[in-house]
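Contents: one structure, followed by commentary.
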Amino acid sequence: MIKLNSNQQYSTGSSADLQRGTQLRFLVKLLVICGLWLILTPDSSPAQERLPKVVESVNGELVEVKDPNGPLPEALEQMERGTKIPFTPQEIIEELKYFLLPFVIASIISMWFIIERLVILRSGRVIPRHFVTRFLKLLKDGKLNSRSALKLCDENPSPIASVFAHGIRKWGKPSVEVEQAIIDGGERQLSQLRKHLRVINGVATVAPLMGLLGTVIGMILAFNDIANSSAMGKAEELAGGIALALLTTALGLGIAIPSLIMYMYLAGRVDGLVMEMDQSAQDLVHLISAEGLAASAANRKSASAAPATTTKAKPDKTTSKS
């Protein structure tokens, strides 16, 4: 009986130890699995902790950074300014700063002389129709001599009157001398008509060059920012310099294109006025040159002799009938 009890106690103890060993192995396996899971799974706790904290007040509003690994809050406003191309006049002024000054000066010069030339080159001011028509009619009718014609030209302050005055000073001379005098006076008036057109053409030529200079400076600043920063290849690092480059180019072209168009228009207007003045000057040469005066005198004599011949022809017809 005693031996049987001992065997029973031994079998009971061994089964308890086996059960404990099984539980221990299960716990070890569970710990190993948990450790492997923690090692292989990426840790997202820093991003989750940082997301609600990366905010900044911009214009009274809280701005949250979408990329937790991106720039810090203090650099957010600067990054937004650098990546945005300005469009409004205020933003353009803030972006260009002192680069805007030469473009403003060029635009003021161009507008000033364009308006001045539009006023000066009015057809009624350069070639007043009423004066030219009345002056040539009086010359054809023989109602003006050299002195009265010159006085009439001096009383009319117009370019065509000045050209006529140069020709009248050669009254009665051969047509070659009268025409040469008119050409000399016309060249002086032509220089006055084309005055300041070179300034407009100069603005149209220089403005794109200033824009190109701003483009080069903007690209230099952009690549200098990249060279001095560790963010190689990021577009926001180029945005500031590229914005300067594009704005200066656009301003240069925006000033040059209207200036060039107005220069071509005004130059064509001067050419048209010169051709019309030349036509009127040719009519004057035919009237006041020696050949013209002789022809007009002959025409007046023939005109005065014509009524006398007609009056003499009537008695001849009556006598022949009788």
Side-chain angles (χ1 to χ4, degrees), residues 106 108-206 256 258-296:
I108 291 174
I109 292 173
S110 179
M111 290 179 59
W112 177 271
F113 288 113
I114 285 172
I115 295 173
E116 186 262 348
R117 285 294 94 185
L118 287 174
V119 174
I120 295 297
L121 296 178
R122 287 181 295 113
S123 180
R125 181 188 176 279
V126 178
I127 307 175
R129 310 291 179 185
H130 63 282
F131 167 75
V132 175
T133 303
R134 177 169 170 266
F135 186 79
L136 295 177
K137 187 176 184 303
L138 291 175
L139 287 176
K140 288 179 182 178
D141 296 340
K143 297 180 180 180
L144 291 176
N145 54 20
S146 60
R147 184 175 298 177
S148 59
L150 186 62
K151 182 180 180 181
L152 189 61
C153 290
D154 292 337
E155 291 175 354
N156 189 280
S158 63
I160 189 66
S162 300
V163 173
F164 284 173
H166 281 81
I168 290 170
R169 291 188 179 93
K170 299 292 183 178
W171 184 286
K173 298 294 180 66
S175 59
V176 177
E177 294 186 17
V178 178
E179 189 172 358
Q180 185 61 43
I182 289 176
I183 290 173
D184 294 339
E187 289 179 352
R188 295 177 185 176
Q189 295 302 318
L190 180 60
S191 63
Q192 293 296 322
L193 293 177
R194 289 182 175 173
K195 188 178 180 181
H196 303 316
L197 289 184
R198 290 184 179 179
V199 178
I200 301 173
N201 189 24
V203 172
T205 305
V206 173
S259 299
L260 183 59
I261 292 173
M262 292 307 301
Y263 168 76
M264 296 173 65
Y265 169 74
L266 293 172
R269 194 168 186 174
V270 169
D271 293 338
L273 291 173
V274 168
M275 291 179 64
E276 192 172 351
M277 290 171 63
D278 182 69
Q279 183 62 41
S280 300
Q282 291 296 326
D283 296 338
L284 180 66
V285 171
H286 296 317
L287 292 173
I288 66 172
S289 62
E291 297 86 350
L293 291 174
S296 61

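Note: hydrogens, waters and symmetry copies are ignored here, and every other heavy atom, side chains too, is used. Because the structure is a prediction, the values reported are computed rather than measured.
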Measuring from Phe113:CZ to Met262:CE, what's the distance to the nearest 0.5 Å?
14.5 Å

Distance col, row Glu177:CD vs Gln180:CD, nearest 0.5 angstrom, shows 9.5 Å

Option from Val119, Ile120, Val126 for which side chain to side chain contact (heavy atoms under 4.5 Å, CB included) with Arg122 holds
Val119

For residues Cys153 and Phe164, report the shortest heavy-atom separation together with the two atoms involved.
SG-CB, 3.7 Å

N/O donor-acceptor pair under 3.5 Å between Glu291 side chain and Ser175 backbone:
yes

Got Thr205 and Asn201 here, is their nearest side-chain heavy-atom distance under 4.5 Å?
yes

Do any pairs count as a side-chain hydrogen bond (donor to acceptor under 3.5 Å, both in side chains) and have a residue in residues 164-174, sequence neighbours left out, and if so which ones?
His166-Arg188

For Ile288 versus Gly167, what's the shortest heavy-atom pair and its separation?
CD1-O, 3.3 Å

Nearest heavy-atom neighbours spanning Ser110 and Val203:
CB-CG1, 3.8 Å

Verify side-chain contact (heavy atoms from CB on, under 4.5 Å) between Tyr265 and Leu121, making sure each step is shown before the conclusion.
CA-CA 11 Å; Tyr265 169 74; Leu121 296 178; over 6 Å; no

If you take all heavy atoms of Asn156 and Pro128, which pair is closest and at what distance?
OD1-CG, 3.9 Å

Nearest 0.5 angstrom please: Ile127 CD1 to Ser280 OG, how far?
6.0 Å

Passes side chain to side chain donor-acceptor pair (under 3.5 Å), Ser148 versus Asn145? Steps please.
CA-CA 6 Å; Ser148 59; Asn145 54 20; 2.7 Å; yes

Between Arg117 (side chain only) and Leu193 (backbone N and O only), is there a donor and an acceptor less than 3.5 Å apart?
yes

Measuring from atom CG of Leu273 to atom CG of Asp278, what distance do you get when rounded to the nearest 0.5 angstrom?
12.5 Å

Using a 4.5 Å cut-off on heavy atoms from C-beta on, say whether the side chain of Glu179 contacts that of Leu284.
no

With rounding to the nearest 0.5 Å, note down the distance linking NE2 in His196 to CD1 in Ile109.
12.0 Å

Show the nearest heavy-atom pair for residues Ile114 and Ser259, with the distance to one decimal.
CD1-CA, 4.5 Å

All N/O donor-acceptor pairs, side-chain side in residues 133-144, below 3.5 Å, sequence neighbours left out:
unit_1	atom_1	unit_2	atom_2	d
Thr133	OG1	Arg129	O	2.9
Lys137	NZ	Asp141	OD2	3.2

In terms of heavy-atom contacts, Ala149 and Ile168 come closest through CB-CD1, 3.7 Å

Please step through side-chain contact (heavy atoms from CB on, under 4.5 Å) for the pair Met275 and Asp271, ending with a clear verdict.
CA-CA 6 Å; Met275 291 179 64; Asp271 293 338; 5.6 Å; no

